[in-house]
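Step one of this worksheet: look at the structure below.
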Amino acid sequence: MDVETNKAIGRCLRNERKARKLQQQDVAAAMGRPQSFVSKLENGERKFVLAEIFAYARALGMSAHDLLDDVEGALTLPEPSSKVSTGGEKDPD
């Protein structure tokens, strides 16, 4: 994963935590990790391991599936510009 991807994931994790009115310390305690660990995840300073995503989701009281779905949505990039046929036009050869 590149740095920008890690940062995007971290922003999503932070948004989910704040939406639940939790502090980093709360999540860290639930994960059995120090607060600095959660801070590094949320700031994109640490590469993600799948087990950590599951632990973070459990700490938020949500499923890993839902958390990853939110992350995927945050990472979705717009499709490259291309001419889209509306059905009535012929595509150029």
Side-chain angles (χ1 to χ4, degrees):
M1 261 185 258
D2 62 36
V3 174
E4 290 306 313
T5 300
N6 282 340
K7 287 182 180 182
I9 293 169
R11 281 190 301 273
C12 186
L13 297 178
R14 181 182 300 111
N15 291 341
E16 288 292 340
R17 175 180 56 78
K18 287 184 173 187
R20 287 162 175 73
K21 299 184 181 356
L22 296 171
Q23 300 293 317
Q24 286 182 343
Q25 296 88 339
D26 301 324
V27 175
M31 292 177 72
R33 299 287 195 146
Q35 178 271 330
S36 61
F37 177 85
V38 173
S39 176
K40 288 179 182 180
L41 284 176
E42 291 183 358
N43 288 317
E45 297 171 9
R46 189 174 193 296
K47 289 188 178 184
F48 292 87
V49 175
L50 187 57
E52 293 164 354
I53 296 293
F54 278 87
Y56 196 100
R58 279 193 305 272
L60 296 181
M62 65 189 304
S63 73
H65 177 270
D66 288 341
L67 181 59
L68 289 172
D69 193 42
D70 292 344
V71 168
E72 184 178 31
L75 295 177
T76 302
L77 301 174
E79 293 292 322
S81 294
S82 63
K83 189 174 183 179
V84 178
S85 175
T86 59
E89 304 168 352
K90 291 186 178 180
D91 291 330
D93 288 328

Practice task
List for me each residue that meets side chain to side chain donor-acceptor pair (under 3.5 Å) alongside Q24, sequence neighbours excluded, and say none if there are none.
Solution key: Q35, E42

Practice task
Would you indicate whether F54, at its atom CZ, is surrounded by more than 12 heavy atoms from other residues, nucleotides or ligands within a distance under 6.0 Å?
Solution key: no

Practice task
Can you sort out the partners of R20 under side chain to side chain donor-acceptor pair (under 3.5 Å), two or more places apart, ordered by chain and number?
Solution key: E16

Handout entry: Residues that R14 engages under side chain to side chain donor-acceptor pair (under 3.5 Å), provided they are two or more places apart
Key = N43

Fill in the blank from the handout: d(I9 CD1, K47 NZ) to nearest 0.5 Å is 11.5 Å

Handout entry: Nearest atoms (heavy-atom pairs only) where Y56 meets L41
Key = CD1-CD1, 4.2 Å

Handout entry: Test side chain to side chain donor-acceptor pair (under 3.5 Å) applied to R46 - qualifying residues, sequence neighbours left out
Key = E52

Practice task
State which residues pass side chain to side chain contact (heavy atoms under 4.5 Å, CB included) with D26; sequence neighbours excluded, sorted by chain then number.
Solution key: L22, Q23

Listed pairs under 3.5 Å, donor-acceptor, residues 59-75 side chains, sequence neighbours left out:
from: S63; atom 1: OG; to: D66; atom 2: N; distance (Å): 2.9
from: S63; atom 1: OG; to: D66; atom 2: OD2; distance (Å): 3.3

